[in-house]
A.B. asks: 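Pasting a structure below so you can have a look.
Just so it is clear, the model here is predicted, and its values are computed rather than measured.
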Amino acid sequence: MTAAAVLCGLGSWLPDGEVTNADLAAQLDTTDDWIRTRTGIRTRYVVSPGEATGDLAVEAGRRALKSAGTEHADAVVVATSTPDRPCPATAPEVASRLGLPDVAAFDVAAVCTGFVYALATAAGLIATGAAGSVLVIGADTFSTILDPADRTTRAIFGDGAGAVVLRAGEPGEAGAIGGLALGSDGSRSELIEVPAGGSRQRSTGRPAAPGEEYFAMQGRPVFAEAVRRMSESVEATAARLGWRVEDVDRVVLHQANARILAAVAARLGIPAERFVANIDRVGNTVAASVPLALGDGVADGELRPGQQVVLAGFGGGLTWGSAGLVWPELTPA
Ligand code: COA
């Protein structure tokens with residue numbers, strides 16, 4: 001029988017630098033009221049000068065290994081769109097710093113869907129026997145690519161890292177990842193992008209125009225796509241697992257906007273109370289969003305062993321994806 005990837009460890013890490021809505025209102029033309037009512041966010045955390053995505057990834061990864069009661073993983077997959085450097089990937093150095101020399105290590109780039117894509121990749125490594133255990137880390141430092149003058153993106157995004165350990169197990173076990181459903185629509189890539197800094201701009205030989213090196217997003221169409229794609233994704237995962245949507249106990253969506261969570265709940269006909277939410281405390285942490293929500297969901301008593309749980313992400317690409325599991329016994333670190 002093909003081995004299933006079973007969740008057995010969970011770790012979270014946030015940088016020290018808190019930026020409250022009041023802090024933003026002191027710098028930009030915005031208010032605490034606008035940010036809270038339009039996004040549900042109260043605060044977020046950002047890295048200090050010199051601190052990078054890999055530093056957050058190491059801390060979250062260390063905690064996930066501790067939570068799993070192990071010091072070893074056969075592979076490290078880092079989901080990020082803000083790697084420490086354009087080349088090489090961030091994962092090999094993270095693996096080395098975690099005391100995991102010689103293991104397979106690589107990055108997955110799917111922006112806010114990165115963690116779900118990395119989970120699917122890790123499940124594939126386990127199913128093929130290429131790895132018996134995988135450390136999957138979602139880590140991003142979007143504060144390093146935001147336009148300091150952009151009140152919208154600065155209100156939404158925060159930095160952070162979340163990680164899980166997957167081990168080979170049986171498909172019927174609590175914690176076994178199943179119902180994976182992934183998708184993309186590259187015809188709409190311009191809705192979420194950093195226009196400059198890649199080969200498309202660099203090969204022209206012209207320097208980047210002012211501001212092109214910053215992250216840019218078209219909020220309204222992204223909102224609509226996020227609601228549609230994550231709703232359809234949750235339905236697809238439930239169907240693949242043979243669950244009725246109304247029997248899903250907890251939904252853990254990418255934390256993009258509290259109004260997106262509410263809209264997906266309404267569209268699916270699932271009570272909003274079943275949606276795990278920590279966006280008020282951390283903002284949109286991109287690839288770290290889903291694993292940080294898992295950690296806070298357990299800490300808040302929202303995620304409990306035996307529940308049928310669906311995770312879903314949506315982000316740049318455009319990309320989306322989802323997975324389901326029966327929540328296992330574990331203690332996050
Ligand atoms: N403070 C005050 N006003 C702001 C603001 C801020 N931080 N950001 C935008 N505004 C203003 C706009 O300039 C606009 O003003 P105008 O009406 O005078 O033009 C007004 O608020 C409404 O802007 P709009 O973009 O229509 O607001 P919205 O209700 O769609 O909310 C987002 C904007 C970005 C919060 C929302 O569209 C969103 O969450 N989109 C999805 C983002 C996302 O999920 N991104 C990541 C994908 S993974």
A.B. asks: Which residue is it: T82, D107, T144, T90? I am looking for the one with a side chain to side chain donor-acceptor pair (under 3.5 Å) to T53.
C.D. replies: T82
A.B. asks: Could you see if V94 belongs to whatever hydrophobic cluster contains F106? Use Ile, Leu, Val, Met, Phe, Trp, Tyr and a side-chain cutoff under 4.5 Å.
C.D. replies: no
A.B. asks: Would you say that more than 12 heavy atoms from the other residues, nucleotides or ligands in this model lie under 6.0 Å from the CD of E71, or not?
C.D. replies: no
A.B. asks: Distance from I260 atom CD1 to E225 atom CD, nearest 0.5 Å?
C.D. replies: 11.0 Å
A.B. asks: Do V310 and F314 belong to the same hydrophobic cluster, where Ile, Leu, Val, Met, Phe, Trp and Tyr are linked whenever their side-chain heavy atoms lie under 4.5 Å apart, directly or via other members?
C.D. replies: yes
A.B. asks: Tell me whether Y214 is reachable from V19 by hopping between hydrophobic residues (I, L, V, M, F, W, Y) whose side-chain heavy atoms are closer than 4.5 Å.
C.D. replies: no
A.B. asks: Is there side-chain contact between L146 and F157, with heavy atoms separated by less than 4.5 Å?
C.D. replies: yes
A.B. asks: So, are R42 and D32 salt-bridged, with charged N and O less than 4.0 Å apart?
C.D. replies: no
A.B. asks: For atom CD of E329, is the number of surrounding heavy atoms from other residues, nucleotides or ligands below 6.0 Å larger than 12?
C.D. replies: no
A.B. asks: Which pair of heavy atoms, one from A60 and one from A163, lies closest together, and at what distance?
C.D. replies: O-CB, 3.6 Å
A.B. asks: Taking V116 as the starting point, is it possible to reach L292 by hopping between hydrophobic residues whose side chains are less than 4.5 Å apart?
C.D. replies: no
A.B. asks: Any sub-3.5 Å donor-acceptor pair from S81's side-chain atoms to V111's backbone N or O?
C.D. replies: yes
A.B. asks: Go through the steps for E193 and L191 under the test side-chain contact (heavy atoms from CB on, under 4.5 Å), then give the verdict.
C.D. replies: CA-CA 6 Å; E193 64 169 348; L191 293 184; over 6 Å; no
A.B. asks: For the pair E212 (side chain) and A209 (backbone), establish whether a donor and an acceptor sit closer than 3.5 Å, ignoring hydrogens and angles.
C.D. replies: yes
A.B. asks: Would V264 and V251 satisfy side-chain contact (heavy atoms from CB on, under 4.5 Å), going step by step from the backbone distance to the final call?
C.D. replies: CA-CA 10 Å; V264 172; V251 181; 5.7 Å; no
A.B. asks: Heavy-atom count check: over 12 atoms from other residues, nucleotides or ligands less than 6.0 Å from D102 CG?
C.D. replies: no
A.B. asks: Mind listing the closest non-hydrogen atom pair of S12 and P291 along with its distance?
C.D. replies: OG-O, 4.4 Å
A.B. asks: Say you draw a straight line from CH2 of W320 to OG1 of T113; how long is it, rounded to the nearest 0.5 Å?
C.D. replies: 9.0 Å
A.B. asks: Is E93 salt-bridged to R85, going by a charged N under 4.0 Å from an acidic O?
C.D. replies: yes
A.B. asks: Which atom pair, heavy atoms only, marks the closest approach of A263 to V227?
C.D. replies: CB-CG2, 3.7 Å
A.B. asks: Begin with the C-alpha distance, continue with both residues' side-chain angles, and end with the deciding distance and a verdict on side-chain contact (heavy atoms from CB on, under 4.5 Å) for V46 and F142.
C.D. replies: CA-CA 8 Å; V46 301; F142 259 46; over 6 Å; no
A.B. asks: Within the side chain of D150, is there an N or O that forms a donor-acceptor pair under 3.5 Å with the backbone of T153?
C.D. replies: yes
A.B. asks: Would T31 and D33 satisfy side-chain hydrogen bond (donor to acceptor under 3.5 Å, both in side chains), going step by step from the backbone distance to the final call?
C.D. replies: CA-CA 5 Å; T31 62; D33 185 60; 5.1 Å; no
A.B. asks: For the pair D74 (side chain) and G132 (backbone), establish whether a donor and an acceptor sit closer than 3.5 Å, ignoring hydrogens and angles.
C.D. replies: yes
A.B. asks: Hey, mind stepping through D159 and S143 against side-chain hydrogen bond (donor to acceptor under 3.5 Å, both in side chains) and telling me if it holds?
C.D. replies: CA-CA 7 Å; D159 303 337; S143 68; 2.6 Å; yes
A.B. asks: Which donor-acceptor pairs under 3.5 Å do side chains of residues 169-183 form with protein atoms, sequence neighbours excluded?
C.D. replies:
{"residue": "E173", "atom": "OE1", "partner": "R167", "partner atom": "NH2", "Å": "2.7"}
{"residue": "E173", "atom": "OE2", "partner": "E170", "partner atom": "N", "Å": "2.7"}

A.B. asks: Working to the nearest 0.5 Å, report the span between NE2 of H254 and OG of S233.
C.D. replies: 13.0 Å
A.B. asks: Can you check whether V165 reaches V134 side chain to side chain, under 4.5 Å on heavy atoms?
C.D. replies: no
A.B. asks: Do I192 and S189 touch side chain to side chain, with heavy atoms closer than 4.5 Å?
C.D. replies: no
A.B. asks: Report yes if some heavy atom in the side chain of Q255 is under 4.5 Å from a heavy atom in the side chain of L261; otherwise report no.
C.D. replies: yes
A.B. asks: Can you tell me if S67 uses its side chain to pair, donor with acceptor, with the backbone of L10 under 3.5 Å?
C.D. replies: yes
A.B. asks: Tell me the closest heavy-atom pair linking A79 and A118, and the distance in Å.
C.D. replies: CB-CB, 4.0 Å
A.B. asks: Does a side-chain heavy-atom distance below 4.5 Å link N21 with R36?
C.D. replies: yes
A.B. asks: Should we count CZ of R259 as having more than 12 external heavy atoms under 6.0 Å?
C.D. replies: yes
A.B. asks: Would a distance-only check, ignoring hydrogens and angles, find a side-chain to backbone donor-acceptor pair under 3.5 Å from S289 to T285?
C.D. replies: no
A.B. asks: To the nearest 0.5 angstrom, please state how far the CG atom of N284 sits from the CG atom of N257.
C.D. replies: 9.0 Å
A.B. asks: Report the C-alpha distance between V309 and L303 in whole Å, list the side-chain angles of each, state the deciding distance to 0.1 Å, and finish with yes or no for side-chain contact (heavy atoms from CB on, under 4.5 Å).
C.D. replies: CA-CA 8 Å; V309 177; L303 288 173; 3.9 Å; yes
A.B. asks: Between T20 (side chain) and D23 (backbone), is there a donor-acceptor pair under 3.5 Å?
C.D. replies: yes
A.B. asks: Measure the CG-CG distance between L311 and L119 for me, rounded to the nearest 0.5 Å.
C.D. replies: 6.5 Å
A.B. asks: Is the closest side-chain heavy-atom distance between L166 and C8 below 4.5 Å?
C.D. replies: no
A.B. asks: Can you find a heavy atom in the side chain of L24 that is under 4.5 Å from one in the side chain of R44?
C.D. replies: yes
A.B. asks: Assess whether atom CZ of R206 is packed by more than 12 heavy atoms of other residues, nucleotides or ligands within 6.0 Å.
C.D. replies: yes
A.B. asks: Taking all non-hydrogen atoms of both residues into account, name the closest pair between V194 and E213 and its distance.
C.D. replies: CG1-O, 3.3 Å
A.B. asks: Could you check if a side-chain atom of V245 sits within less than 4.5 angstrom of a side-chain atom of W243, using non-hydrogen atoms only?
C.D. replies: no
A.B. asks: May I ask whether V164 and L125 are part of the same hydrophobic cluster, defined by side-chain heavy atoms of I, L, V, M, F, W, Y residues being less than 4.5 angstrom apart, directly or through others?
C.D. replies: yes
A.B. asks: T121 side chain to Y117 main-chain N or O, any donor-acceptor pair under 3.5 Å?
C.D. replies: yes
A.B. asks: So, taking the atom named CD1 in I270 and the one named CZ in R250, what distance separates them when rounded to the nearest 0.5 Å?
C.D. replies: 11.0 Å
A.B. asks: Identify the heavy atoms of R188 and P221 that sit nearest to each other, and give their distance.
C.D. replies: NH2-CB, 4.2 Å
A.B. asks: Let me see the working for R154 and Q27 under side-chain hydrogen bond (donor to acceptor under 3.5 Å, both in side chains), right down to the final yes or no.
C.D. replies: CA-CA 11 Å; R154 285 204 51 212; Q27 298 168 28; 2.9 Å; yes
A.B. asks: Short question: side chain of T39, backbone of I156 - any donor-acceptor pair under 3.5 Å?
C.D. replies: no
A.B. asks: Please report the C-alpha distance between D55 and R97 in whole Å, then the side-chain angles of each, then the deciding distance to 0.1 Å, and finally whether the salt bridge (charged side-chain N to carboxylate O under 4.0 Å, His left out) criterion is met.
C.D. replies: CA-CA 9 Å; D55 302 323; R97 289 172 62 187; 3.0 Å; yes
